[in-house]
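This report concerns only the one structure given below.
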Amino acid sequence: MKQNNMLAMILAGGRGSRLHELTNKVAKPAVSYGGKYRIVDFPLSNCANSGIDIVGVLTQYESVLLNSYVAAGGRWGLDARNSGVFVLPPREKADANLDVYRGTADAISQNIDFIDSYSPEYLLVLSGDHIYKMNYAKMLAYHNECNADATIAVIEVPKREASRFGIMNTDENGCIVEFEEKPEHPKSNLASMGIYIFNWKTLRKMLIADMKNAGSNHDFGKDIIPALLADNRKLVAYKFKGYWKDVGTIDSLWEANMDLLDSNNDLDLSDPTWKIYTEDTTTLPQYLGPDADVKRAYITQGCVVNGKVKNSVLFTGAKVGKGAKIIDSVLMPGVEVEEGAVVTRALVANDIKIGKSAKVGSADSEHIELVAKRVKGVE
Amino acid sequence: MKQNNMLAMILAGGRGSRLHELTNKVAKPAVSYGGKYRIVDFPLSNCANSGIDIVGVLTQYESVLLNSYVAAGGRWGLDARNSGVFVLPPREKADANLDVYRGTADAISQNIDFIDSYSPEYLLVLSGDHIYKMNYAKMLAYHNECNADATIAVIEVPKREASRFGIMNTDENGCIVEFEEKPEHPKSNLASMGIYIFNWKTLRKMLIADMKNAGSNHDFGKDIIPALLADNRKLVAYKFKGYWKDVGTIDSLWEANMDLLDSNNDLDLSDPTWKIYTEDTTTLPQYLGPDADVKRAYITQGCVVNGKVKNSVLFTGAKVGKGAKIIDSVLMPGVEVEEGAVVTRALVANDIKIGKSAKVGSADSEHIELVAKRVKGVE
Amino acid sequence: MCDALGIVSFAGNHIWVEGLHNYRPVAAFSFLGRYRIVDFPLSNMSNSGMDHIQVYLNAKPRSLIEHLGSGRHYNINSKRGKLHMLFAGSMIDHDMYNNDIAAYMENLESIALVNKPYVIIAPSYMVYKQDYKALLNAHIESGADITLLYHSVDNAKDGYVNCNILNLNKQKGVLSIERNRGNAKNRNIFMDTYVMKKELFIDLIKQAKKTSSLYTLSDIVGSECGENGSLDIRGISHRGYFAAVTDFKGYYNANIELTDYNTATSLFESNWPIYTRTNDSSPTHYSEDGCAKNSVVSNGCLIEGTVENSVIGRGCTIKEGAVVKNCVILSDVTIGTGIHAENLVIDRNAKLTKVQEVVANEGDPHYVKRYDVI
Amino acid sequence: MCDALGIVSFAGNHIWVEGLHNYRPVAAFSFLGRYRIVDFPLSNMSNSGMDHIQVYLNAKPRSLIEHLGSGRHYNINSKRGKLHMLFAGSMIDHDMYNNDIAAYMENLESIALVNKPYVIIAPSYMVYKQDYKALLNAHIESGADITLLYHSVDNAKDGYVNCNILNLNKQKGVLSIERNRGNAKNRNIFMDTYVMKKELFIDLIKQAKKTSSLYTLSDIVGSECGENGSLDIRGISHRGYFAAVTDFKGYYNANIELTDYNTATSLFESNWPIYTRTNDSSPTHYSEDGCAKNSVVSNGCLIEGTVENSVIGRGCTIKEGAVVKNCVILSDVTIGTGIHAENLVIDRNAKLTKVQEVVANEGDPHYVKRYDVI
């Protein structure tokens with residue numbers, strides 16, 4: 001807290017049901033990405049690198065793995081004396097029964113006591129399922145420069161896609177004058193990234209009022225932002241340039257992995273000044289056998305490759321047998337592709353085995369095939 | 001897990017309502033004890049010292065402080081690579097709604113997935129609100145020696161008090177033949193300490209059956225132990241000798257603190273071979289001023305004493321002004337007793353201020369006075 | 001965050017604290033029972049938002065390395081930042097070539113690598129509280145090339161042995177740096193604390209090395225002072241508690257004067273925590289006949305005797321009838337039944353159990369060796 | 001839990017690995033890209049349930065201290081147990097008095113303090129997998145005073161330079177310990193690994209010190225072997241992968257032979273993890289023209305050229321058209337466009353960008369210095 005008086009809360013309660021079997025047993029923020037990471041590593045590493053020391057993670061659905069994953073704050077260096085990652089599921093209180101979070105704002109409201117115990121000046125609200133690198137300290141500097149009550153990070157999206165997003169309409173000074181959720185006829189192309197900095201005292205008042213409002217959805221976009229605007233508070237848009245992706249579907253998760261194959265990609269995970277930290281697994285080094293044939297690939301430690309890998313991303317511990325081919329595909333952690341099997345335009349889920357000479361996926365499918373069950377070998 | 005293949009689960013969901021204001025804002029396991037500790041430090045330090053690396057803490061009621069307290073596993077050295085303290089409140093699952101834990105056994109049942117993810121051979125079930133030092137590795141050795149399905153730690157209590165406890169009736173080999181909860185006419189004086197070692201596979205089956213049993217209270221004492229006995233499983237009693245205290249009331253919490261004033265007390269917190277670890281607070285050293293007069297006292301760092309302290313325990317940051325007297329009392333963390341005030345046979349709650357020349361408590365009261373509100377000074 | 005690399009330097013070869021120094025560097029000296037001296041510069045840096053810190057070691061590093069560990073207890077994020085321990089080339093005490101410049105030369109790569117424009121250098125043998133972020137801002141605003149921190153004292157004749165002093169002009173320009181010869185009462189004691197651009201620091205290291213293999217950082221900075229020097233070097237005055245542990249008496253006095261609670265409040269402030277490594281000791285137990293006054297007592301002690309005007313380290317036992325007066329006692333010391341100890345510094349694990357009276361004269365404290373049995 | 005104190009010893013004065021050894025002790029050598037050699041004895045100890053471990057350092061300790069840190073990554077509970085770093089008195093390379101016995105003598109207190117009846121001593125310059133708990137049990141059961149671990153080899157004429165060998169009788173009693181002179185193919189290479197009671201260990205240290213200031217632990221144990229010795233000293237044979245990094249070729253060969261996945265599986269087993277410190281590097285990126293075969297590649301690399309039969313360390317760049325064959329490359333090395341590198345050990349941060357062909361003969365690998373630009 002010394003560093004910048006800002007506490008971060010990560011909303012990590014989403015079900016991610018469009019990721020199908022991938023989120024059967026784990027919450028979306030814990031889904032694997034980029035060879036060795038999980039999605040939630042991005043907001044957590046951003047926090048660590050931005051000098052934020054206290055992070056609350058608001059979890060809800062199938063969170064046992066997510067909870068224990070983020071609780072080990074040392075992964076992001078967030079385990080120094082006055083530092084920590086705190087898992088905050090809904091809980092029973094002296095004056096209230098146990099209930100789920102009713103919306104993004106309610107998740108914060110129900111943890112006002114947690115936030116107050118650190119008496120921060122600023123509250124940073126983040127989403128746990130976006131992939132991007134951002135220096136929140138710079139955003140805070142902008143917030144202070146503007147003397148704003150709230151600052152919302154926005155990204156320019158193609159005009160024709162704008163109606164899929166929450167759109168911020170700003171005046172010539174960058175002040176937000178209107179917020180429209182998925183407007184049919186968007187007036188601007190500034191999409192909200194779901195990243196907010198609030199003056200805590202101001203937000204606290206708003207949240208307490210919102211809790212009592214029976215008609216509210218208890219949502220930041222639908223309720224809190226409009227309420228702040230109605231209250232004539234100063235809301236400013238902070239323009240972000242760079243890689244940002246919400247991986248809501250199998251296709252977009254696959255695509256976000258494929259983006260890494262471009263050595264000039266904007267995400268640049270190899271930048272030593274802004275590392276993304278993750279679980280430190282004890283694996284073998286990466287082994288490339290005598291028959292390995294690797295072209296345009298992103299491969300991490302623990303992989304053992306003795307076949308062909310082209311245009312593909314291999315996660316921790318993935319194994320590719322002799323003569324097997326992995327083309328335009330993503331092999332999640334622990335996948336084993338046996339001799340002679342061929343995987344094309346597919347995303348193979350954690351620990352799935354593809355048997356000898358089996359074939360999955362096809363080069364001309366519209367969607368990426370999700371392989372979430374064991375595929376038997378062919379004699 | 002390498003060390004002994006035993007995972008520990010600490011039941012820390014109790015409301016502790018007989019501790020009145022002390023548990024208004026914190027769960028009972030997080031209540032302060034012994035100058036610098038919290039009650040839950042005892043089972044957690046016992047785990048660490050017994051070579052247990054994975055500890056789940058089942059929390060429920062007013063747990064925000066408890067959750068963030070135990071989540072910093074480094075306090076007990078439980079933050080090495082394959083080690084951790086995991087907070088496990090009730091949670092929403094794909095196939096079940098969010099609900100409170102229905103009993104001690106249900107709390108474990110709802111976390112079978114968590115336990116399974118470490119595939120332990122043994123499960124140690126502990127209570128989060130007892131004060132004692134025990135080497136669970138020795139209890140496990142006894143469990144294995146007896147070839148038992150379950151081992152229950154017991155302590156001999158005076159026969160006349162036995163009806164206040166859960167009593168284990170054993171045969172001549174120490175095998176448990178019967179369990180009676182608070183029997184009117186106890187047949188033995190072996191009280192259950194609420195410390196169980198189970199073979200995980202056996203318990204797992206029992207728990208799954210118990211979950212489906214509509215008539216069950218889902219409680220270890222009332223349901224699981226009798227079910228194991230009915231199933232002809234081998235249950236043995238492990239006799240514990242030493243200090244053990246359940247601090248359920250203000251009187252007993254006060255008494256447990258007073259026990260420390262006896263330099264030959266069985267708890268022996270200064271034993272370097274079995275340290276109790278706790279939060280590392282940044283305080284001043286302990287200051288004794290020119291008018292300090294300290295006799296039979298237990299005082300920790302951060303205390304500033306310039307008055308008389310007799311037969312009393314002073315917690316972190318407690319301050320005693322010039323001419324003030326603290327007699328037969330407990331000052332919890334952050335208490336400030338101003339000049340000339342007198343505190344007798346009282347337990348003063350966290351951060352309470354006793355004003356100048358005020359008097360609280362009395363030497364001949366039957367019960368210990370709990371001071372949980374600011375006491376104004378006297379002109 | 002603070003845009004400076006923090007460097008904690010070691011005590012130079014002109015500093016030697018009789019007794020204690022035989023076993024550990026000054027940085028690792030026990031201070032006020034629960035601290036080590038290095039906790040003060042490190043807490044200052046951490047509280048100032050500095051998260052890249054290098055601690056230099058020149059001899060007997062074990063106790064210091066163990067105390068520093070991963071730096072988590074100083075509230076430094078181990079991923080974003082780093083508490084680095086860097087070693088001098090020789091690691092031998094009383095080796096005149098084993099000076100600060102030699103150690104910086106040995107680790108020039110590590111210094112160059114850190115992505116910070118400024119450097120703040122603070123000593124590991126002085127105790128004071130200072131917001132380095134404020135100091136850096138003052139340095140930047142002033143436009144000076146180098147800013148030096150000093151403390152004005154009126155007892156430089158008796159105290160501050162082996163310290164350097166700054167001679168200043170009216171604009172706080174540094175005219176020269178020289179050793180305190182004890183020939184005047186009022187002096188500006190140089191706190192061995194520097195602020196400058198990292199590039200300039202690297203240049204000065206190389207220049208010092210070229211000039212003489214015995215040149216120290218204060219020598220090279222001193223040579224650039226005054227009207228003949230090529231740099232704008234200024235002093236900034238420090239306020240609040242200040243102690244320099246440059247000799248045995250300095251160590252004793254600093255401890256004893258902080259047993260006064262009012263003096264201590266000028267060093268310890270609630271918004272400026274001094275971090276240290278915990279030892280997980282239990283609270284201290286006072287028996288029926290135990291008593292302590294005007295003292296600082298650490299955890300883990302058993303006090304059955306009388307303690308006055310003293311500092312008692314962790315895990316000490318003061319037995320029945322024992323009297324401890326004006327003593328600085330390190331950890332795990334035993335004062336036996338009925339023993340009278342006065343005006344002593346007692347090193348760790350010593351036992352005073354045989355000789356009934358171990359009393360030195362006031363103003364001339366004596367030293368009891370580590371593990372000694374008296 | 002395992003009732004033994006673990007001691008990781010340093011490479012004795014007879015061991016010197018040309019090149020790499022100038023910058024760090026053998027314990028801190030990079031191994032197979034992502035490890036340091038010390039990871040192997042420490043992981044063995046941790047996996048065996050040992051949680052009191054002392055690592056001895058005799059020179060240039062920085063990189064080793066940084067790598068070891070608090071020991072959390074070796075899965076050692078920092079409260080219950082401890083990973084201690086202990087220092088030799090002199091810390092100077094090539095100082096003949098700076099041997100293991102001198103270091104143990106310097107830290108005799110620390111050894112005596114640990115509350116464990118046995119001690120297991122393992123070297124920091126050998127790579128092997130061993131369950132020390134099983135070894136301790138075998139030792140206790142046999143009733144021997146000292147148990148020594150050895151590995152039977154059939155190539156002691158060319159390899160295992162500077163190692164000691166054990167001469168055994170039929171009951172595995174140790175008749176003598178001597179240096180491998182390369183005069184026989186079949187030898188029992190002594191793995192510098194000892195099991196004994198801690199008390200005996202302390203006695204032997206004192207006895208060695210009294211006998212000669214150059215006596216090492218193997219000297220004093222050797223003097224107690226055979227029918228004239230007063231102790232029952234036995235050998236236990238080790239199976240599985242074993243390498244001794246006692247000279248430059250040994251280092252090169254151990255790395256290259258482990259690029260074979262089948263060989264590696266005899267060292268790495270899923271129930272016996274080898275722990276190391278993470279560097280938080282991203283996965284390795286292979287471009288359209290990148291390709292690697294028969295190799296071990298660490299994370300954080302960019303492979304645009306061809307890699308064969310090599311070990312590539314963290315954060316290396318192999319540019320387009322570059323060919324790397326039979327090389328052991330440490331971290332952050334750049335092989336420039338079109339450069340051909342063969343049979344080399346390339347130390348960290350070196351750049352091969354100017355000379356087109358840097359090729360040594362097979363069987364005679366060459367060394368490229370740290371930060372060198374070729």
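In this text, all values refer to a predicted model and were calculated from it rather than measured experimentally. In what follows, chains are A, B, ... by sequence order, proteins preceding strands, each numbered from 1.
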Inset, instruction - Establish, yes or no, whether a centroid distance under 6.0 Å links the rings of C:F40 and C:F31. - result: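 Under 6.0 Å, so yes.
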Legend entry - C:Y371 ring center within less than 6.0 Å of C:Y23 ring center: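 That pair fails the under 6.0 Å test.
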Given heavy-atom pairs under 4.5 angstrom as the criterion, report whether the side chain, backbone, both or neither of [X] touches chain C.
X	value
B:K36	both
B:T316	neither
B:F315	neither

Legend entry - Residues B:K28 and B:D129 bridged, charged N to O under 4.0 Å: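 Yes.
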Inset, instruction - With the side chain counted from C-beta on, respond yes when B:N135 and B:N49 share a heavy-atom pair under 4.5 Å apart, and no when they do not. - result: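 No, every pair of side-chain atoms sits at 4.5 Å or beyond.
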Legend entry - Steps toward salt bridge (charged side-chain N to carboxylate O under 4.0 Å, His left out) verdict (C:D332, C:K351): CA-CA 9 Å; C:D332 299 306; C:K351 279 187 170 46; over 6 Å; no
Legend entry - Pair C:D39, C:Y275: side-chain N/O donor-acceptor within cut-off below 3.5 Å: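 No, no side-chain donor-acceptor contact under 3.5 Å.
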Using non-hydrogen atoms and a 4.5 Å limit, figure out which bit of [X] sits close to chain B: side chain, backbone, both or neither.
X	value
C:S270	neither
C:N279	both
C:L267	neither
C:N309	neither
C:S43	neither
C:S281	backbone

Looking at [options], which one has more heavy-atom pairs under 4.5 Å with chain C than the rest?
options	answer
B:G35, B:C303, B:P290	B:P290
B:N311, B:D79, B:I276, B:D291	B:D79
B:D293, B:L261, B:D271, B:V309	B:L261
B:V304, B:L260, B:T278, B:L314	B:V304

Inset, instruction - Against chain B, work out which of C:R72, C:R277, C:R34 has the most heavy-atom pairs shorter than 4.5 Å and name it. - result: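 Among the listed options, the one with the most contacts to chain B is C:R34.
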Inset, instruction - Among the options C:N299, C:L302, C:I312, C:T278, pick out the one with the most heavy-atom pairs lying under 4.5 Å from chain B. - result: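 Of the options given, most contacts go to C:N299.
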Inset, instruction - Kindly indicate, with the supporting measurements, whether the criterion side chain to side chain contact (heavy atoms under 4.5 Å, CB included) is fulfilled by C:V296 and B:Y287. - result: CA-CA 5 Å; C:V296 169; B:Y287 268 92; 3.3 Å; yes
Legend entry - Other residues, nucleotides, ligands: >12 heavy atoms within 6.0 Å of B:K245 NZ: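 Atom NZ in B:K245 is packed in, count exceeds 12.
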Inset, instruction - State whether the number of non-hydrogen atoms from other residues, nucleotides or ligands found under 6.0 Å of B:K133 atom NZ is greater than 12. - result: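 Count over threshold, so yes.
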Legend entry - Lys NZ or Arg CZ of C:R36 over C:F29 ring: under 6.0 Å, within 45°: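 Pair C:R36/C:F29 does not count as cation-pi.
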